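The structure displayed is predicted, hence computed values, not measured ones. The sequence lines fix the lettering, A, B, ..., with proteins before strands; numbering per chain opens at 1.
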Amino acid sequence: MEEKRSRNFIEERIEEDIRNNKNDGKVITRFPPEPNGYLHIGHAKSICLNFGLAETYNGRCHLRLDDTNPTKEETEYVDSIQEDIKWLGFDWQDHIYYASDYFEYIYECAVVLIKKGLAYVDSLSAEEIRKFRGTLKEAGKESPFRNRPVEENLELFEKMKNGEFKEGEAVLRAKIDMSSGNICMRDPVIYRIQFSHHHRTGDKWCIYPMYDFTHCLSDSTEGITHSICTLEFENNRALYDWVLENVGTEHRPQQIEFARLNLNYTVMSKRILLQLVKENHVSGWDDPRMPTICGIRRRGYTPESIRDFAVKIGVAKADNVVDMAFLEHCLRNDLNKKANRVMAVLEPVKVIIDNYPDGKVEYFKAVNNPEDENSDSREIPFSKELYIERSDFMEDAPSKFFRLAPGREVRFKFAYYLTCTSIEKNASGEISVIHCTYDPATTGGWSEDGRKVKGTIHWVSAAHALKAEIRLYDRLFTKENPGNVEEGKTFLDYLNPDSLKVINNALVEPSLKNSNPGDIFQFERTGYFCADNREFSGNNLVFNRSVSLKDSWSKIENKN
RNA sequence: AGAGGUAUAGCCAAGCGGUAAGGCAUCGGGUUUUGGUCUCGACAUUCCUAGGUUCGAAUCCUAGUACCUCUGCCA
């Protein structure tokens with residue numbers, strides 16, 4: 001069956017180009033991150049788009065590190081970028097490039113413009129250039145250096161390259177139109193002087209090309225057919241086209257802009273993300289609360305769920321804020337099919353079965369995943385003393401409460417029907433022991449007489465359970481749009497103080513001892529959890545909650 | 001009288017002159033050894049507004065309105 005998914009506007013354009021045999025029908029895209037930070041879920045949308053397009057149109061997608069500003073970029077980031085893209089499941093094969101690979105070529109292009117009288121060395125200071133640029137409503141003024149003769153420009157540019165000027169003393173500008181309504185076209189700076197060590201070219205250069213000059217030339221030289229970027233570059237497209245036109249490149253890629261992803265209750269700003277890390281508001285770039293790819297990976301998100309999300313949110317040009325619940329839905333949807341079920345009690349309260357023999361241990365068979373026909377089963381120990389979730393017992397329970405309460409019978413999953421007979425409390429009035437009796441005729445959690453039991457709860461055997469540390473994560477911010485800061489506040493004021501809750505004394509079934517970092521489970525009735533990929537070991541059970549299960553009981557509860 | 005964009009449900013998003021897809025969320029019913037999953041049903045007489053063209057307009061035209069981006073030697 002052919003899937004009739006409708007095309008997004010970029011696919012429509014590409015298909016039109018293919019129909020017209022533009023670029024000989026080829027499709028070559030690229031993902032061009034600047035290696036100055038970690039990739040986040042917004043980048044994931046772009047990665048899925050660019051690599052996905054290449055896949056569906058039998059083309060290819062390049063990875064290009066856009067490293068034209070040596071003061072901001074580090075190799076730590078280029079490594080993490082590659083790791084994250086691979087993890088998402090995409091492959092650039094041998095098409096990894098660096099803008100810095102093209103510095104020589106880009107320099108020559110600048111010389112071409114100078115020779116055509118379309119670029120000049122400006123000796124105005126940065127401040128003066130800013131003043132001369134004009135405003136949104138008023139035209140700019142031409143620099144007094146604008147009409148230097150070609151020869152002089154060539155000489156001065158050479159001197160810039162040779163380090164004969166200090167930083168800020170001179171820049172190379174394209175000569176376009178100081179009165180353009182598009183400020184990008186008011187003689188944009190295309191080269192600046194920076195005496196910084198570059199992570200790849202070392203100290204070879206002291207002049208570096210600006211984004212607008214670099215990006216289009218890089219795209220062109222790589223044979224990119226569709227250069228897909230976010231909306232804020234729409235104004236830059238005129239300059240993109242101007243440069244290629246006037247340098248006279250053979251190949252002219254088409255820039256197409258789409259709306260970037262925004263998610264509520266989090267931020268995508270690199271600046272803010274960096275600040276969260278630097279000021280230790282989170283434990284690092286891969287803190288499971290971070291929207292970074294490494295963060296959500298550590299949280300337990302799967303590549304499949306993120307790719308599914310990227311497809312489901314679509315691609316368009318309208319500004320958007322996607323609900324976090326959408327992302328969570330995609331994760332649950334994926335994990336429901338994949339994650340083995342396991343019993344874990346987060347907030348334990350003891351249960352003693354008074355009529356169960358002392359010292360007896362039974363093993364019950366438990367299916368690992370009822371949603372997966374091929375899944376196996378395991379044996380779980382059961383004994384006289386158990387632990388259940390504190391929230392699964394209520395002393396004074398309403399009729400809608402389907403769990404354990406005095407006099408009520410519930411199913412202990414896979415084991416028996418138990419009825420609560422009495423409770424013990426400690427000095428502070430807290431329930432310390434729940435006494436029950438079991439019905440030996442309900443082995444496996446099923447009764448031949450057909451009587452129904454309203455609730456089924458999970459449990460662990462006190463003698464066999466393992467202690468675990470469980471980290472409950474919640475949204476990082478309390479505000480839907482933390483980037484929208486009110487007067488007199490900063491985004492830090494919106495940090496959610498309850499975004500991390502650590503439980504040190506959770507009890508989990510013994511089978512979990514054999515799991516590995518990164519393994520994902522569904523803790524029956526509570527949520528999806530993954531073994532922490534940094535701190536988990538067989539002797540140190542640490543689980544992160546990826547996402548809770550949908551909880552319709554809490555809705556009922558909250559209504560009352 | 002700056003330039004460039006965008007407006008369809010609480011959110012995302014199809015629609016391309018023939019009478020408003022789908023998903024998320026929400027609300028109800030059924031199934032269920034997870035209050036999960038699955039399943040069934042409800043959820044825009046109306047598409048930013050106002051005019052116009054047309055037998056017929058979310059789609060075409062005109063005039064407005066709102067919001068976003070741009071005044072780095074960042075990308």
What interatomic distance, in whole Å, is found between P of B:A25 and the corresponding atom of B:C11? 15 Å

If the test is side chain to side chain donor-acceptor pair (under 3.5 Å), which one of A:Glu389, A:Glu524, A:Glu509, A:Lys413 qualifies with A:His458? A:Glu389

To the nearest 0.5 angstrom, please state how far the CG atom of A:Asn50 sits from the CZ atom of A:Phe31. 8.0 Å

Counting only side-chain heavy atoms from C-beta out, which of B:C74, B:U71, B:G35 sits nearest to A:Ser552? B:G35

Using a cut-off of strictly less than 4.0 Å, decide whether A:His458 has a side-chain nitrogen or oxygen near OP1 or OP2 of B:U34. no

With heavy atoms under 4.0 Å as the rule, sort A:Val453 into base, sugar-phosphate or nothing. nothing

Rounded P spacing from B:C16 to B:U53 in Å: 24 Å

Regarding A:Val189, tell me which of base, sugar-phosphate or nothing describes its non-hydrogen contacts under 4.0 Å with the strands shown. sugar-phosphate

Expressed in whole Å, how much space separates the P atoms belonging to B:C74 and B:C68? 26 Å

Look at all strands and tell whether A:Arg186 reaches a base, only sugar-phosphate, or nothing, counting heavy atoms closer than 4.0 Å. nothing

Within the structure shown, what part of the strands sits under 4.0 Å from A:Ser554 by heavy-atom distance: base, sugar-phosphate, or nothing? nothing

On the nucleotide B:C38, are OP1 or OP2 found under 4.0 Å from the side-chain N or O atoms that A:Arg332 carries? no

Under the 5.5 Å and 30° test, is A:Tyr211 stacked on the base of B:A75? no

Provide the distance between the two C1' atoms, one in B:G28 and one in B:C67, to the nearest whole Å. 37 Å

For the C1' atoms, the ones on B:U8 and on B:A3, what distance do you get once it is rounded to whole angstrom? 27 Å

What nucleic acid atoms does A:Glu389 come within less than 4.0 Å of, heavy atoms only: base, sugar-phosphate, or nothing? nothing

Give A:Glu524 one of three labels, base, sugar-phosphate or nothing, depending on what nucleic acid heavy atoms sit under 4.0 Å from its own. base

Answer yes or no: does a side-chain N or O of A:Arg237 lie under 4.0 Å from OP1 or OP2 of B:A3? no

Can you say whether the rings of A:Trp205 and A:Tyr107 are parallel (under 30°), tilted (30 to 60°) or perpendicular (over 60°)? tilted

Counting heavy atoms from C-beta on, name the nucleotide in B:A25, B:U6, B:G36 closest to the side chain of A:Glu371. B:G36

According to a cutoff of under 5.5 Å between the ring centres and under 30° between the ring planes, does A:Phe326 stack with the base of B:G23? no

How close or far is atom P of B:U71 from atom CD of A:Glu232, stated in whole angstroms? 12 Å

Using the P atom on both, measure B:U54 against B:U49 and round to a whole Å. 23 Å

Write down the distance separating the C1' atoms in B:G10 and B:G2, rounded off to the nearest Å. 36 Å

Heavy-atom pair of closest approach, residues A:Ser6 and A:Glu11: O-OE1, 4.2 Å

Using the benzene-type ring in the case of Trp, are the ring centres of A:Tyr120 and A:Phe157 under 6.0 Å apart? no

Which part of the nucleic acid, if any, lies within reach of A:Ile313 when heavy atoms closer than 4.0 Å are counted: base, sugar-phosphate only, or nothing? sugar-phosphate

